[in-house]
Amino acid sequence: MSANDAKLAGLNSLGKTYDFGINEGTVGPSVIDVSSLYAQTGQFTYDPGFTSTASCQSSITYIDGEEGTLLHRGYPIEQLAEKGNFVETCYLLLNGELPSRKELEEFETAITRHTMLHEQMNRFFHGFRRDAHPMAIMVGVVGALSAFYHDSTDINDPEQRKIASRRLVAKIPTIAAMAYKYSIGQPFVYPRNDLDYASNFLHMCFSVPCEEMNVSPTLARAMDRIFILHADHEQNASTSTVRLAGSSGANPFACIAAGIACLWGPSHGGANEAALEMLSEIGSVDNIPEFVKRAKDKDDPFRLMGFGHRVYKNYDPRARVMQQTCHEVLGELGIKDDPLLDVAMELEKIALNDEYFVEKKLYPNIDFYSGITLKAMGFPTTMFTVLFALARTVGWVAQWNEMVEDPSQRIGRPRQLYIGSPKRDYIDIAKR
Ligand code: CMC
């Protein structure tokens, strides 16, 4: 980020004029540096939901929401999804450049060799009720990693940060698969080092000790692509949560657990689960107009889940790849007439041509198609957000590392506009 002193933003407040520097990024909007605002004016900025606030500088991911562009380290998401694989994307996010063949081999080996969990961690799962939501298990078990891997919690040691980062990317599929197996009462399946990242995950989820399982390459490729599409998304709610948690110096496992907790909400990672439930509720193409009407009614809290995005005011580029992946999965599994897909296709058509959705720039987002795809692959809806968390872990870890390495990093501490009672004296309980 370069401060361009020739460009100053002037602020006129309470009759006085103040100047603030404008900083330019490599692409995208510039920012007005208001860090001295309070010192200069005694006032704060007010921006609920941070719709106009850049909380950090970052060189990891760039989104142009108007254009519908998503770049990781400069590379378009469509190219990474089509030509690369998830482990390579992880390397790119963590290190800034695509790996050479040798670098990729070393990284793949390191990830593969860290997939097992400390054996004692198995007991953690058994402390949960069988009907616990797997995201509840994820929050607990990922946070608990800090109790098992003390040798990688010193955030001031770059080597420990590297080991923790790799451990998180390597172990998160094992934890996610165990959360699933626990919920259906099946034995945990250990990772297999001869399988690639996505195939190994499908193996840990769907194989049983009494039978050989051959993972379909098409489904493994689809899983891998789903992971790539969810790997990072700049300063979204969960990533900002990870950064805020990390800004206090908390260890990486605790920070990622905080990110998982934030991701769980239906406005964020929980939307794919909600989108599928909504499609089931709509049930048939004939009922779509009624639900579209409800979504447009200001007095009805109902929203079309899987539509709209804080940043994308154009078609979500990930949704396009997801739509294609969805068709590939349904084709591989021989699902020709899926009623949910019929509803989804028709709903998409209607919403894309409806004045309300067009005017508000509400396009289908990635969650609209990922739910149908994951359901067809055999995952229950409760696992959808878990898969999102699995894939996003690398993004959180990359953003956390960037924050820790940033010399200008300080503890995150937003201010507020206080609207409560001014100072008053305590009233004795007998007089209240
Ligand atoms: N259905 C109907 N109306 C909508 C929808 C929707 N899905 N999304 C936004 N609107 C309307 C909203 O009522 C508001 O109308 P008005 O200006 O008349 O008050 C306007 O569009 C702007 O909405 P907003 O809530 O101010 O926008 P936001 O940027 O705060 O919210 C969002 C973004 C994603 C939370 C929202 O679009 C939403 O709730 N979508 C459904 C949930 C969903 O699919 N979430 C997944 C997000 S992508 C995955 C991820 O990154 O986690």
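Predicted model only: the values in this text are computed from it and were never measured. We count ligands from 1, going down the list as the structure has it; atoms in each ligand are counted the same way.
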Testing Glu234, Met403, Gln399 for side chain to side chain contact (heavy atoms under 4.5 Å, CB included) with Thr239, which one passes? Gln399

Pair Phe379 + Phe206: ring centers closer than 6.0 Å: yes

Looking at Lys360, which atoms of ligand 1 are within less than 4.0 Å of one of its heavy atoms? 11 (C), 15 (O), 16 (P), 17 (O), 18 (O), 20 (C), 21 (O)

Nearest protein heavy-atom contact for atom 34 (C) of ligand 1: which residue, which atom, what distance? Gly308 O, 3.7 Å

Once you measure the plane-to-plane angle for Tyr197 and Phe86, does it fall in the parallel (<30°), tilted (30-60°) or perpendicular (>60°) bin? tilted

Run the numbers for me: atoms of ligand 1, each under 4.0 Å from some heavy atom of Ala271, listed by number. 43 (C), 44 (O), 45 (N), 46 (C)

Under the salt bridge (Lys or Arg N to Asp or Glu O under 4.0 Å) rule, what do Glu402 and Arg243 come out as? Steps first, then yes or no, please. CA-CA 9 Å; Glu402 184 178 64; Arg243 280 186 178 256; 2.7 Å; yes

N or O pair under 3.5 Å between Asn365 and ligand 1: yes

Would Pro266 count as being in polar contact with ligand 1, using the rule that some N or O on each side must be under 3.5 angstrom apart? no

Do the numbers put Lys293 on top of the ring of Phe291, so that NZ or CZ is under 6.0 Å from the six-membered ring centre and no more than 45° off the axis? no

Could you say whether the N/O atoms of Leu304 and ligand 1 ever approach to under 3.5 Å? yes

Report the part of Asp316 (side chain from C-beta onward, or backbone N, CA, C, O) that has a heavy atom under 4.0 Å from ligand 1; answer both or neither where that applies. neither

Across all chains, not counting sequence neighbours, the ring pair (Phe, Tyr, Trp, His ring centres under 6.0 Å) partners of Phe384 are none

Give a yes or no on whether the ring-centroid distance for Tyr38 and Phe44 is below 6.0 angstrom. yes

Tell me the protein heavy atom at minimum distance from atom 24 (P) of ligand 1, and give that distance in Å. Arg303 NH2, 4.0 Å

If we number the atoms of ligand 1 from 1 as shown, the ones under 4.0 Å from a heavy atom of Ser267 are 45 (N), 46 (C), 47 (C)

for atom 2 (C) of ligand 1, nearest protein heavy atom and its distance come out as Ala295 O, 3.6 Å

Looking only at distance, does Phe307 have an N or O less than 3.5 Å from an N or O of ligand 1? yes

Specify the protein heavy atom at minimum distance from atom 10 (N) of ligand 1: its residue, its atom name, and the distance to 0.1 Å. Leu362 CD1, 3.7 Å

Using the benzene-type ring in the case of Trp, are the ring centres of His233 and His268 under 6.0 Å apart? no

If you draw a 6.0 Å radius around CE in Met116, do more than 12 non-hydrogen atoms from other residues or ligands fall strictly inside? no

Taking atom 45 (N) of ligand 1 as the reference point, report whether a protein heavy atom occurs under 4.0 Å from it. yes

Quick check on the 6.0 Å ring-centre criterion: do Phe128 and Tyr182 meet it? no

re atom 42 (C) of ligand 1, the protein heavy-atom contact at minimum distance is Met305 CE, 3.4 Å

For a salt bridge (Lys or Arg N to Asp or Glu O under 4.0 Å) check, start with the C-alpha distance between Glu66 and Lys361, then their side-chain angles and the critical distance, and finish with the verdict. CA-CA 9 Å; Glu66 300 297 328; Lys361 299 185 175 172; 3.7 Å; yes

Ligand 1 atoms in contact with Lys298 (distance to a heavy atom under 4.0 Å): 16 (P), 18 (O), 19 (O)

What is the nearest protein non-hydrogen atom to atom 50 (C) of ligand 1, stated with its residue, atom name and distance? His268 ND1, 3.6 Å

Sidechain N-carboxylate O distance under 4.0 Å for Asp354, Lys296: yes

Within the structure, does at least one protein heavy atom fall under 4.0 Å of atom 22 (C) of ligand 1? no

Would you say the ring centers of Phe188 and His126 fall short of 6.0 Å from each other? yes

Taking only heavy atoms of Gly306 into account, list the atoms of ligand 1 that are under 4.0 Å away from them. 43 (C), 44 (O)

Where do Arg161 and Glu405 land on the salt bridge (Lys or Arg N to Asp or Glu O under 4.0 Å) test, with the steps shown first? CA-CA 10 Å; Arg161 286 205 302 274; Glu405 285 162 18; 3.4 Å; yes

What is the closest protein heavy atom to atom 29 (O) of ligand 1, and at what distance does it sit? Arg310 NE, 2.7 Å

Under-4.0 Å heavy-atom contact between protein and atom 26 (O) of ligand 1: no

Heavy-atom nearest neighbour in the protein, as seen from atom 51 (O) of ligand 1, with distance rounded to 0.1 Å: His309 NE2, 3.5 Å

Check each heavy atom of Tyr356 against ligand 1 and say whether those closer than 4.0 Å belong to the side chain, the backbone, both or neither. side chain

Interfacing atoms of ligand 1 (cut-off 4.0 Å, heavy-atom, Asp367): 46 (C), 48 (S), 49 (C)

